[in-house]
Amino acid sequence: MVENVIWPAYLDADLTRDEGRRVSKDLAVSEPTVDEIAQAVQQVGYDAVIERSKTYPREYEPRGRVLVKGAEDASKSDLLQATAAYLDVIRG
């Protein structure tokens with residue numbers, strides 16, 4: 001079973017691409033939380049598991065990460081795009 005990992009940095013509008021952002025600036029949100037990301041992943045239709053104690057290798061503060069289960073049918077980039085779109089909707 002494929003597990004995709006989504007770090008908050010991938011979707012953070014406050015970071016540059018070099019710092020770890022993996023979606024376009026207009027799709028990214030400021031300081032996304034693992035709870036918001038997990039909720040967005042579930043809206044997309046996949047199971048999400050939050051690991052709060054994990055730290056993204058390029059950051060010093062642990063923000064956690066979200067494991068996405070059962071996303072074999074989607075590429076990582078498609079998954080990130082869809083999750084980012086739902087994050088924007090969740091934030092309103």
Side-chain angles (χ1 to χ4, degrees):
M1 182 162 79
V2 175
E3 278 188 351
N4 279 304
V5 175
I6 299 181
W7 296 95
Y10 289 176
L11 306 167
D12 195 334
D14 300 333
L15 300 179
T16 65
R17 292 265 185 182
D18 283 344
E19 292 170 323
R21 182 172 46 85
R22 291 187 54 179
V23 296
S24 64
K25 197 95 167 164
D26 55 325
L27 273 178
V29 296
S30 182
E31 295 184 17
T33 66
V34 286
D35 295 308
E36 290 173 323
I37 294 168
Q39 187 179 349
V41 166
Q42 288 167 342
Q43 291 289 323
V44 176
Y46 299 112
D47 291 331
V49 177
I50 296 173
E51 294 184 329
R52 295 184 190 281
S53 62
K54 301 293 184 184
T55 305
Y56 185 57
R58 296 183 197 175
E59 295 179 331
Y60 299 105
E61 295 296 317
R63 291 206 277 176
R65 69 180 183 183
V66 177
L67 294 179
V68 182
K69 297 189 180 293
E72 292 90 4
D73 59 340
S75 71
K76 178 117 181 191
S77 128
D78 290 343
L79 180 63
L80 288 172
Q81 301 285 333
T83 303
Y86 273 106
L87 269 181
D88 198 39
V89 169
I90 289 168
R91 289 248 172 125

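In what follows, residues are counted from 1 in the order of the sequence shown.
- Proximity of Lys54 to Trp7: side-chain heavy atoms (C-beta onward) are separated by under 4.5 Å at one or more points.
- Residues Gly64 and Val34 share a closest heavy-atom pair of C-CG1, 3.6 Å.
- Lys25 places a side-chain N or O within donor-acceptor distance of the main-chain N or O of Ala13, the cut-off being under 3.5 Å.
- Listed for the Arg21 side chain is a donor-acceptor partner under 3.5 Å among the backbone atoms of Leu15.
- Note on Tyr10 and Leu27: same hydrophobic cluster, where clusters join Ile, Leu, Val, Met, Phe, Trp and Tyr whose side-chain heavy atoms are under 4.5 Å apart, directly or indirectly.
- For the residue pair Tyr56 and Glu19, the shortest heavy atom distance occurs at CE2-O, 3.9 Å.
- One distance of note links CG of Leu11 with CG of Asp88; it measures 11.5 Å at 0.5 Å rounding.
- For Thr33 and Asp35, the side-chain atoms include no donor-acceptor pair closer than 3.5 Å.
- Atom CZ in Arg17 sits 9.0 Å away from atom CZ in Arg22 (nearest 0.5 Å).
- Distance CD/Gln39 to OG1/Thr83: 12.0 Å, rounded to 0.5 Å.
- With Lys76 contributing its side chain and Val5 its backbone, the two residues share a donor-acceptor pair below 3.5 Å.
- Of all the heavy atoms in Pro8 and Pro32, the pair that sits closest is O-CG, 3.4 Å.
- Contact annotation: the side chain of Tyr46 never approaches that of Asn4 to less than 4.5 Å [non-hydrogen atoms, C-beta and beyond].
- Side-chain atoms of Arg58 come within 3.5 Å of backbone atoms of Asp18 as a donor-acceptor pair (strictly under, hydrogens ignored).
- Taking CZ of Arg63 as the start and OG of Ser53 as the end, the distance is 15.0 Å to the nearest 0.5 Å.
- Leu80 is not connected to Ile90 by any chain of hydrophobic side-chain contacts under 4.5 Å among Ile, Leu, Val, Met, Phe, Trp and Tyr, and they are in different clusters.
- Remark: the backbone N or O of Ser30 is not paired with any side-chain donor or acceptor of Asp12 at under 3.5 angstrom.
- When all heavy atoms of Gly70 and Asp73 are compared, the closest pair comes out as O-OD1, 4.2 Å.
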